[in-house]
Amino acid sequence: MDNWDKSKRSLEMSRMPYKGTKPEIILRKALFAKGFRYRINFNKLIGKPDIVLPKYHIVIFVNGCFWHQHENCKYAYKPKTNLNFWKSKFEKNKERDDRVSRQLISQKWRVIVVWECQISMNSIAKLVEELEALIRK
Ligand SMILES: [Zn+2]
């Protein structure tokens, strides 16, 4: 268990190019600055979306590229040890993501997934512009 935690922790720390501010917080601040009002920790909803925009009936998930295995993303590498463990972990995450998003859609929510690698201080303006277009559609 200890080993596991250690390897998990170092993966967690090494997976993204920036340190400090969490990507979902960068995104929240940028959305707020654009005038969007959101809820966080909206526990009534399945899957606990990172950002909920009740007015637009939109939920946004900020997915970690590693844990949710972002396709063709350099941060979504496969660990070289404990292969079976990771494989089943990734499969479970994916199944869960699919199930959660189907349920939310059936409850008339629009589901937007943002990947952590899309969020950085440098790219946030462009990302928020794209999100704004989606949200106001
Ligand atoms: Zn990614």
Side-chain angles (χ1 to χ4, degrees):
M1 195 63 192
D2 271 346
N3 264 344
W4 213 106
D5 278 350
K6 216 164 95 196
S7 75
K8 197 172 123 188
R9 207 158 44 233
S10 70
L11 282 166
E12 187 77 17
M13 285 190 300
S14 64
R15 83 201 144 125
M16 293 310 290
Y18 43 71
K19 298 184 177 70
T21 315
K22 289 176 105 188
E24 63 259 42
I25 293 172
I26 298 177
L27 180 59
R28 274 176 205 156
K29 284 188 176 155
L31 286 170
F32 190 85
K34 279 278 183 181
F36 291 110
R37 295 299 173 258
Y38 54 79
R39 302 275 309 268
I40 55 172
N41 302 320
F42 202 74
N43 294 326
K44 278 190 288 181
L45 290 177
I46 184 174
K48 293 194 202 127
D50 295 295
I51 300 171
V52 179
L53 300 166
K55 186 176 162 191
Y56 299 93
H57 232 62
I58 283 178
V59 299
I60 300 176
F61 287 96
V62 178
N63 276 359
C65 298
F66 176 72
W67 294 106
H68 298 265
Q69 288 289 290
H70 187 196
E71 250 175 81
N72 300 321
C73 172
K74 65 176 170 174
Y75 301 110
Y77 60 91
K78 305 271 192 294
K80 294 197 170 53
T81 54
N82 300 321
L83 284 184
N84 288 335
F85 168 81
W86 288 108
K87 198 163 167 266
S88 92
K89 178 101 189 134
F90 292 146
E91 274 164 13
K92 273 188 210 134
N93 283 352
K94 186 166 187 322
E95 273 166 28
R96 185 172 169 280
D97 291 347
D98 290 348
R99 193 174 63 239
V100 162
S101 114
R102 273 200 309 274
Q103 290 207 27
L104 287 167
I105 290 166
S106 76
Q107 294 165 19
K108 306 281 180 259
W109 288 91
R110 278 165 67 201
V111 177
I112 296 177
V113 172
V114 173
W115 294 95
E116 276 191 356
C117 66
Q118 295 178 283
I119 303 174
S120 75
M121 292 296 187
N122 296 330
S123 65
I124 192 70
K126 190 170 168 284
L127 174 65
V128 166
E129 229 169 75
E130 288 166 12
L131 284 175
E132 197 175 12
L134 268 178
I135 291 167
R136 299 201 191 275
K137 196 162 70 179

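As the structure is a prediction and not an experimental result, all values here were calculated from the model. Hydrogens, waters and symmetry mates play no part in the numbers below; they use all other heavy atoms, side chains included. Read the numbers this way: they start at 1 and go in the same order the structure lists the ligands and their atoms.
For Gln69, the side chain to side chain donor-acceptor pair (under 3.5 Å) test picks out Lys78, with sequence neighbours left out.
Ordered by chain and number, Cys65 SG, His70 ND1, Cys73 SG, Cys117 SG make up the set of protein N, O or S atoms under 2.8 Å of the Zn ion (ligand 1).
Salt-bridge check for Arg99 with Glu95: failed, with every basic side-chain N at 4.0 Å or more from each acidic carboxylate O. Of the charged side-chain nitrogens involved, at least one lies within less than 4.0 Å of a carboxylate oxygen, so that Lys94 and Asp98 count as a salt-bridged pair.
Across all non-hydrogen atoms, the minimal contact from Arg110 to Ile135 is NH1-O, 3.7 Å.
The CG atom of Asp50 sits 7.5 Å away from the CG atom of Asn63 when rounded to the nearest 0.5 Å.
Between Trp86 and Trp67, the ring-plane angle classifies as tilted under the 30° and 60° cut-offs.
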